[in-house]
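For reference, the structure is listed below as structure tokens.
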2 protein chains.
Amino acid sequence: MEEPMYIRIHNQIKRDIEKHVYKVGDRIPAERQLAVKFGVSRMTLRQAIKTLEDEGILERRLGSGTYVASQKVQEKMSGIMSFTEITEANGQTPSSKLITYQIGKPSLSEKERLGIKPDDEVLRMERIRFADDTPICHEVVTIPYKLVENISKDDISTHLYETLEKNGYQIGRVTEHISAAVCNENDARLLKAKKGEALITRRQVTELSDGKPFEYTRARYVAERFEFTFSK
Amino acid sequence: MEEPMYIRIHNQIKRDIEKHVYKVGDRIPAERQLAVKFGVSRMTLRQAIKTLEDEGILERRLGSGTYVASQKVQEKMSGIMSFTEITEANGQTPSSKLITYQIGKPSLSEKERLGIKPDDEVLRMERIRFADDTPICHEVVTIPYKLVENISKDDISTHLYETLEKNGYQIGRVTEHISAAVCNENDARLLKAKKGEALITRRQVTELSDGKPFEYTRARYVAERFEFTFSK
DNA sequence: CAGTGGTCTAGACCACAAA
DNA sequence: TTGTGGTCTAGACCACTGA
């Protein structure tokens, strides 16, 4: 007996929903019936249902029944979606191009946001992100250099979060600020946009689980080509 | 017997943790002991522990025991913050002024977003939101009229959500899209802003728990005076 | 009213952790 | 080995929903 029964029942019901044996909005059989069908006690069956409810796949209504919750895809995207997620959700292919990668002294705002000393060096990366070869976003990422001095440029620029976690760091709170700005000449050149059109601006500070900031990102998106989506 | 036992036990243990009877990192008594102490079966006791675990207050370690988890404060502010929350967090006073309130035919986009028929009438409200008397945001809210035809104008314009819930409706999923735009003459007049400067745009569709959209909002914020904040 | 989910019991055996 | 949490049973009574 590898897996517990309630996990196996969970998986079976999930598969049934994916195969449209139970469709969105359908009422699934009552707990007592399912318990008989799977040959388990009602408590065990309820444990399976509970995990599906926690995942937002099922919805229980007292006195009425247990129903397949609406949507399925959207469930995951509670909270802000990343550039990659939004682009892929639109059926486009995300890509990015690193345009600068340098180590140097922090600016005033970098020093403040990252909570570091003026002497501490920072790694600064600049990137353009594309959806199907259309430039969408210009992004500057700053990291205290001593946190990543033993990590390769390739790992930093492509799998920063995974690499940090492999090296024993734990990602904590992420705070984002979103506003807007007008496209200047530099933006226009980098993003192939028109001066004077609207951009979305985003600032993000990512902390480690001990509360120390480790990444400060500023990004500017062409509003004509992009929007952020949230759900709750 | 008002509350279920497992809820009462949940609350009791939570209070004990708040009173430092059990401190962060402490192991609390074993399930079987607590079950005896509270005079319930072990399954019921486990249900109480489970809810505390889901809240991140307790942490169970197989074969070892159940421990008081670290953190506590961070819980609340996950996700997008509302205008009122952001303004108050900045130490300013939010207010709003209703500038139009009319019943009429839906526009094409209103019809689509709200999933209604062309003949169905809609209630459309237009509002300016202020922080300390500075105009921040221009907002248009559209609601299928038949949902609110028995509700007073005052309730609709000031306590829409609460009033709906009192009338037996249940709020469901909320989806928001955020992008940017350039301030036009109308925006400039309403928001006392300059034509050509940057605005944040927000579209929001709020559904009832049955998945039917009941509110479609479009809002434009002066970027110089406002930003959205998220945390996770 | 009958059927549903919500709660609860008093046991049981298991796998895992720590001594 | 002892104690822990993880799983599971075969019942029970309750409150709620909907016909």
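Throughout, a chain's letter reflects where its sequence line sits, starting with A, and its residues are numbered from 1. Because the structure is a prediction, the values reported are computed rather than measured. What you see below is based on every heavy atom in this structure, not just the backbone, and it leaves out hydrogens, waters and symmetry mates.
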Within this structure, what is the [atom1]-to-[atom2] distance between [X] and [N], rounded to whole angstrom?
| X | N | atom1 | atom2 | answer |
| --- | --- | --- | --- | --- |
| A:Phe38 | D:dC8 | CZ | P | 13 Å |
| A:Glu59 | C:dT4 | CD | C1' | 15 Å |
| A:Ile49 | C:dG6 | CD1 | P | 10 Å |
| A:Glu31 | C:dT7 | CD | P | 11 Å |
| A:Arg42 | C:dT9 | CZ | P | 15 Å |
| A:Lys50 | C:dG6 | NZ | P | 10 Å |
| B:Ile28 | D:dG3 | CD1 | P | 18 Å |
| A:Arg46 | D:dA10 | CZ | P | 17 Å |

Hey, does B:Gln33 reach any base, or is it just sugar-phosphate, or nothing, if we go heavy atoms under 4.0 Å?
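If one applies the 4.0 Å heavy-atom cut-off, B:Gln33 turns out to touch the sugar-phosphate alone, with no base involved.
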
Indicate yes or no: does B:Glu126 engage B:Arg124 in a salt bridge with an N to O separation below 4.0 Å.
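Result for this pair is no, no salt bridge flagged.
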
Using a strict threshold of under 4.0 Å (side-chain N to carboxylate O), is an ion pair present between A:Arg46 and A:Glu53?
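Between A:Arg46 and A:Glu53 there is no salt bridge, as every charged N stays at least 4.0 Å from the carboxylate O atoms.
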
Counting side-chain heavy atoms from CB outward, which of C:dC8, C:dG5, D:dT9 is closest to B:Met43?
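Closest of the options to the side chain of B:Met43: D:dT9.
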
Check the side chains of A:Thr217 and A:Gln204 for a donor-acceptor pair under 3.5 angstrom, ignoring hydrogens and angles.
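There is no such pair between these side chains.
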
Report yes if the side chains of B:Met125 and B:Lys153 come closer than 4.5 Å at any heavy-atom pair, otherwise no.
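Sidechains of B:Lys153 and B:Met125: no contact.
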
Could you give me the CA-CA distance, side-chain angles and deciding distance for B:Arg218 and B:Thr142, then say whether side-chain hydrogen bond (donor to acceptor under 3.5 Å, both in side chains) is met?
CA-CA 9 Å; B:Arg218 292 132 287 170; B:Thr142 309; 2.4 Å; yes

Within less than 4.0 Å of OP1 or OP2 of C:dG6, is there a side-chain N or O belonging to A:Arg60?
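It does, given that an N or O in the side chain of A:Arg60 lies less than 4.0 Å from OP1 or OP2 of C:dG6.
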
Is the distance from OP1 or OP2 of C:dT9 to the nearest side-chain N or O of B:Ser41 less than 4.0 Å?
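Yes, because at least one side-chain N or O of B:Ser41 sits under 4.0 Å from OP1 or OP2 of C:dT9.
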
Those residues that, when tested against A:Lys212, pass side-chain contact (heavy atoms from CB on, under 4.5 Å) (two or more places apart)
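Applying side-chain contact (heavy atoms from CB on, under 4.5 Å) to A:Lys212 gives A:Asp210.
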
Of B:Ala30 and A:Ile7, the one whose closest DNA chain D nucleotide lies more 5'
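Taking each residue's closest nucleotide, the earlier one in sequence belongs to B:Ala30.
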
Would you confirm whether the ring centroid of A:Phe228 sits within less than 6.0 angstrom of the ring centroid of B:Phe228?
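No.
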
Quick one: what's the B/S/- string for nucleotides 14-19 of chain C, heavy-atom cutoff under 4.0 Å, read 5' to 3'?
--BS--

